[in-house]
Structures are given as structure tokens and as C-alpha cells.
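Sequence positions, counted from 1, serve as the residue numbers for this chain.
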Amino acid sequence: SRGLGDVYKRQILYVILAAELYLHCQKECYHVVHRQHCRYPYFNTGVHYTMKKRKITSVFLALGLFASLLFQVPISAEEADQSAAVEASGTISTNSISGWPQASDISSEAAVVMENTTNTILYSKNADEVLFPGSTVKIMTCLLALENTQLTDEVTMTATGVSGVTDGGASISSQVDEVFTVEQCLYAIMVASANDIALQIAEHVGGSVDGFVQQMNTRAQELGCTNTVFTNPTGLPDDNQHTTAHDMALIMQAAIQNESFRTIAAATSYTIPATNKAAARNLTSKFTMTDTGSTGFYEGCIGGKEGYTEASGSTLVCAAQRNGMTLISVVLKGASGQTAPDAASILNYGFDQFVTLSLGDSDFSIISGGDVVVPAGTGADSLTTEDSQNGDQIDRTYLFNGTSVGSAVLEVVQSDDTASVQEGQQHMQAAKDYSDNHTEIPYFVIAGVFLLLLILLIWRIVKIVKS
């Protein structure tokens with residue numbers, strides 16, 4: 001029975017037991033019939049009756065066991081299906097949602113796919129597991145720089161930044177007193193993953209690297225991150241620096257709202273013109289999902305960041321857009337060279353299996369929101385809602401089998417206007433008064449006459465039918 005589930009083993013045992021019981025009863029009957037010397041007289045007188053009785057008993061017992069086996073099969077099959085589903089889902093928590101399209105596993109430790117406008121989690125594998133972020137930290141570094149500087153601002157390299165040239169990570173070999181623009185710095189960070197420039201941006205924006213790190217953690221909390229702690233702007237290994245796939249999706253979601261970030265993150269190459277200290281630098285990105293000439297190119301990818309350290313493994317954060325839907329994909333602790341295929345796989349799952357419904361097209365009380373992301377083929381009638389009063393508005397959450405798939409803010413609409421109600425009541429009273437004053441015959445007399453005529457008519461019809 002190796003390879004069979006417990007359900008099927010149990011069924012086989014039922015068959016064996018039934019056969020064994022039948023053969024045992026037959027054997028007992030044989031001994032009864034052929035017994036020559038028995039110490040109990042009744043064996044000699046009622047042999048044939050006993051044999052017949054035992055044969056009947058054995059047949060019924062065997063049939064009963066076979067019947068129980070047959071009637072148990074549907075239940076066992078259902079149990080087997082449920083067991084197989086649980087085993088297949090593994091750590092993919094979204095596979096356990098009733099009616100949710102079943103997703104295949106990937107090799108990376110943790111991953112998430114989140115829809116951009118509704119925050120609907122389409123795919124979740126260990127999404128809240130605390131892991132090292134690696135170079136994807138630089139997405140937050142660039143986001144804070146874009147929110148607190150102008151692209152044309154000048155950044156002068158100091159010893160703080162230049163120390164990143166020899167820290168064991170990537171750099172553009174900047175020099176002390178070399179001057180770049182913020183825009184050039186951000187391309188160096190996203191395209192070349194330059195640690196020296198990331199450190200210098202941190203000092204430029206935060207006054208110090210520590211001050212900038214504090215801003216990073218504050219901004220992460222503002223974005224709803226619950227398990228993220230930053231200790232540096234580069235992503236170099238630190239035992240105290242960690243994040244989750246879900247938190248990185250929230251950070252990427254904020255970043256892609258910025259058009260400058262989207263432009264920079266989508267670049268596959270960039271040239272920094274000659275500076276006051278060095279000749280022009282040609283930078284080339286190792287992020288393949290936006291490179292049309294690479295086998296890792298992903299149609300619709302609007303940008304991302306990939307990195308690797310021994311502590312974090314391979315990490316990747318990206319966003320892609322198809323058919324009006326934008327999905328954010330995060331893959332953490334993957335094998336080198338495997339995170340991009342994993343990200344593409346779960347993005348394909350999201351785009352192929354889900355659609356966006358705009359409920360605001362039919363509900364005019366919706367002020368904002370109203371979009372939901374649901375499995376393909378699902379209608380609005382499959383959703384439930386949860387409402388909470390918020391002043392003069394209602395915050396509504398749309399649920400698919402208990403899972404949030406969108407939200408909306410609704411205007412509180414009164415069922416009737418007070419003045420209109422009062423005016424209507426006045427008209428009704430005036431009509432009643434007019435009717436009372438102009439009806440010469442009371443209403444109950446009219447009703448009584450009508451009822452009498454109806455009874456006479458029925459009596460007449462019955463009489464005709466009898467005749």
C-alpha cells in the first residue's frame with residue numbers, strides 16, 4: 001500500500017476483513033458438519049440447521065462489510081481531495097480561500113502578489129515571514145530621496161559616501177568632493193545598485209546616515225509595514241535589518257505612485273556625464289525583467305530591483321501592468337538566478353486568474369474606490385460587504401468568501417427628504433378630507449353591497465353547474 005493515502009489503505013483493510021470473516025465462518029460450518037464425536041449432543045442433532053444458520057450469518061456479515069465499504073467511498077474520496085488540497089497548498093495561504101484559483105508553488109522562501117489599487121493579496125507564500133531584504137532596501141532609499149529633494153539638486157560626495165566604495169558591495173567608484181545631481185544619484189542606485197551613492201543620498205537627505213535610517217523606519221510605519229526594521233540605506237547584511245514580502249509590496253506600491261521613480265526603475269542602462277572628478281560613466285542594470293533583449297524580460301514590467309547577499313539570498317521586487325491591472329510582486333530568499341522566473345510565474349498567475357470589477361459604475365453613492373479584484377468569472381453578486389460609519393460617510397469593505405478584495409467610500413444617502421415627506425403627508429390628508437366631505441354613501445355600505453353581489457353570483461354559478 002506504499003504511496004496510497006490512509007483512506008485507501010482503510011478500504012483495502014475492509015475488503016481483507018470481509019473476506020477473512022467469510023472464510024472463517026465457512027470453515028466453522030465445515031467443522032460442524034464433519035464432527036464425528038462431540039461432547040455436546042446438540043451438535044449431532046442440529047448439524048444441518050446450524051450449518052445453514054452460520055452460512056447465512058457469514059454471508060450477511062460479509063455483505064454488510066462490503067456495503068459499508070461502498071457507502072464510505074464518497075466520504076473517503078472527499079477526505080482524500082481535502083487532504084490533497086492541504087498538501088498542495090503548503091505554505092501558499094491563499095490556496096486555502098474557498099473558490100480561490102489554486103496556485104503552484106515556487107522555489108523561493110517567501111513571495112506575494114498584491115494588486116495595486118485595492119491592496120488585494122492574490123498570492124501569498126510566507127508573506128509575513130521575517131527575512132533579510134538585501135538590495136531591495138534601495139527602493140525605500142530612492143522613495144525618500146524623491147519625496148524630500150528635487151532631481152536637479154546637487155549632491156557632493158563626502159567620506160561617508162566614498163566609504164561605500166570599499167564596503168564589499170557595488171559602487172560607481174565615486175570620489176570625495178565629486179558632484180552629482182539627485183537624478184544621477186538615483187539612477188546610480190537603481191541601475192548600478194551603488195552603495196557609495198546610497199550612503200551619500202542618506203547623508204544628504206537625513207543629515208546623517210542614522211538620521212536617514214530613522215526616516216526610513218518612520219516612513220515604513222506610515223505605509224502600514226508591521227515587520228520591517230531598516231538599519232542602513234544599502235541593504236548590506238545586518239542582523240537587525242529585516243522585512244517581509246508583504247511589507248516590501250507596500251513600499252513598492254508607494255514608490256510606483258511617483259512617476260520619476262517609475263522612469264528610473266524601468267531603466268536598463270544610464271550614462272552619467274563627466275563630472276568635476278571623473279569621465280562619463282555607463283551604467284548597466286542586472287535587472288532583466290525590463291530588458292527587452294534578455295531572456296528574463298517580462299511583458300508589462302514597469303520596474304523593479306533585484307539583489308543578492310549570502311544572508312538574504314536572492315531578492316526581487318517589481319511591478320507589472322497588463323489590461324489596466326497593476327500587480328506588485330515580491331520574492332525573498334530565493335536561489336541565485338531563480339527569483340526572476342519565480343516573480344514571472346506568480347505574476348502570470350495573477351494576470352491570468354483575476355479580473356477587476358468596477359462597482360462604482362452601478363452604485364452612484366460611491367464617492368471613491370469601488371473597484372474589486374476577484375477570480376475570473378466572479379460576479380458582484382458573489383461578494384459580501386462590511387460597512388462602518390465614518391462621520392457623514394460609510395467605509396465599505398468588499399469580501400469574497402471572507403477575503404478582502406476591495407473597498408469604497410460611500411455617501412450617506414437619506415431615503416427621503418424631510419420637506420418632501422411633510423408635503424406628501426399634507427397632500428394625503430387633503431385628499432382624505434376631500435373624500436370624507438364628498439362621499440354621500442359610507443365606504444362600508446359600498447363594500448357590503450359588493451360582497452353581497454359576489455355571493456349571489458357564486459350561488460348562481462353553483463346552481464347552474466348542478467343542473
Asker: Between Y270 and Y187, what is the ring plane arrangement, given parallel below 30°, perpendicular above 60°, and tilted in between?
Answerer: parallel

Asker: Measure from NZ or CZ of R322 to the centre of the six-membered ring of Y298, then state whether that distance is under 6.0 Å and the direction lies within 45° of the axis.
Answerer: yes

Asker: Please report the C-alpha distance between E203 and T158 in whole Å, then the side-chain angles of each, then the deciding distance to 0.1 Å, and finally whether the side chain to side chain contact (heavy atoms under 4.5 Å, CB included) criterion is met.
Answerer: CA-CA 9 Å; E203 185 179 71; T158 67; 2.7 Å; yes

Asker: Taking atom CD as the centre, does E310 end up with more than 12 heavy-atom neighbours from other residues, nucleotides or ligands that are less than 6.0 angstrom away?
Answerer: no

Asker: Output the distance between atom CG (D196) and atom CD1 (I172), rounded to the nearest 0.5 Å.
Answerer: 5.5 Å

Asker: Decide if the gap between the ring center of F354 and the ring center of W100 is smaller than 6.0 angstrom.
Answerer: yes

Asker: Look only at the side chain of N323 and the backbone of M325, and say whether a donor-acceptor pair between them is shorter than 3.5 Å.
Answerer: no

Asker: Do D395 and V409 have side chains that get closer than 4.5 Å, going by heavy atoms?
Answerer: yes

Asker: Can you check whether S312's main-chain N or O pairs, donor with acceptor, with K333's side chain at less than 3.5 Å?
Answerer: no

Asker: Between N195 and S171, is there a side-chain donor-acceptor contact under 3.5 Å, judged purely by atom types and distance?
Answerer: no

Asker: Rounded to the nearest 0.5 Å, how far apart are CZ of F230 and CZ of F212?
Answerer: 9.5 Å

Asker: Quick one: closest heavy-atom pair of Y308 and S314, and the distance?
Answerer: CD1-N, 3.4 Å

Asker: Yes or no on side chain to side chain donor-acceptor pair (under 3.5 Å) for N116 and Q257, after CA distance, side-chain angles and deciding distance?
Answerer: CA-CA 10 Å; N116 180 50; Q257 308 309 313; 3.2 Å; yes

Asker: Between T118 and G406, is there a donor-acceptor pair closer than 3.5 Å when you use the side chain of the first and the backbone of the second?
Answerer: no

Asker: Would one find more than 12 heavy atoms of other residues, nucleotides or ligands at under 6.0 Å from atom CD of Q150?
Answerer: no

Asker: For side chain to side chain donor-acceptor pair (under 3.5 Å), just list the numbers for E386 and T384, CA-CA rounded to whole Å, side-chain angles, deciding distance to a tenth of an Å, and then say yes or no.
Answerer: CA-CA 7 Å; E386 289 183 357; T384 57; over 6 Å; no

Asker: I'd like a table of donor-acceptor pairs (distance under 3.5 Å, sequence neighbours excluded) in which one partner is a side-chain atom from residues 288-295, with atom names and distances.
Answerer:
| unit_1 | atom_1 | unit_2 | atom_2 | d |
| --- | --- | --- | --- | --- |
| D291 | OD1 | G293 | N | 3.0 |
| S294 | OG | G296 | N | 3.0 |

Asker: What distance separates T326 OG1 from F351 CZ, expressed to the nearest 0.5 Å?
Answerer: 7.0 Å

Asker: Is a donor on one side and an acceptor on the other found under 3.5 Å between the side chain of Q241 and the backbone of N232?
Answerer: yes

Asker: Near E147 CD, under 6.0 Å, is it more than 12 heavy atoms from other residues, nucleotides or ligands?
Answerer: yes

Asker: Between Q353 and P101, which heavy-atom pair has the shortest distance, and what is it?
Answerer: OE1-CB, 3.6 Å

Asker: Verify whether one side chain among T339 and S108 offers a donor that lies under 3.5 Å from an acceptor in the other.
Answerer: no

Asker: What's the shortest heavy-atom distance between I366 and Y398, and which atoms?
Answerer: CD1-OH, 3.6 Å

Asker: Measure the CG-OG distance between L399 and S404 for me, rounded to the nearest 0.5 Å.
Answerer: 6.0 Å

Asker: For the residue pair T141 and I189, what are the closest heavy atoms and their distance?
Answerer: CG2-CD1, 4.3 Å

Asker: Would you say that more than 12 heavy atoms from the other residues, nucleotides or ligands in this model lie under 6.0 Å from the CG of D239, or not?
Answerer: no

Asker: Under the criterion side-chain hydrogen bond (donor to acceptor under 3.5 Å, both in side chains), which of E306, K305, K286 is the partner of S193?
Answerer: K305

Asker: Scan side-chain atoms only and decide if T160 and Q200 contain a donor-acceptor pair under the 3.5 Å cut-off.
Answerer: no

Asker: Heavy atoms only: give me the nearest V191-S269 pair and the separation to one decimal.
Answerer: CG1-CA, 4.2 Å

Asker: Has N258 got a side-chain atom pairing as donor or acceptor with F261's backbone, closer than 3.5 angstrom?
Answerer: yes

Asker: What distance do E154 atom CD and T149 atom OG1 have between them, rounded to the nearest 0.5 Å?
Answerer: 12.5 Å

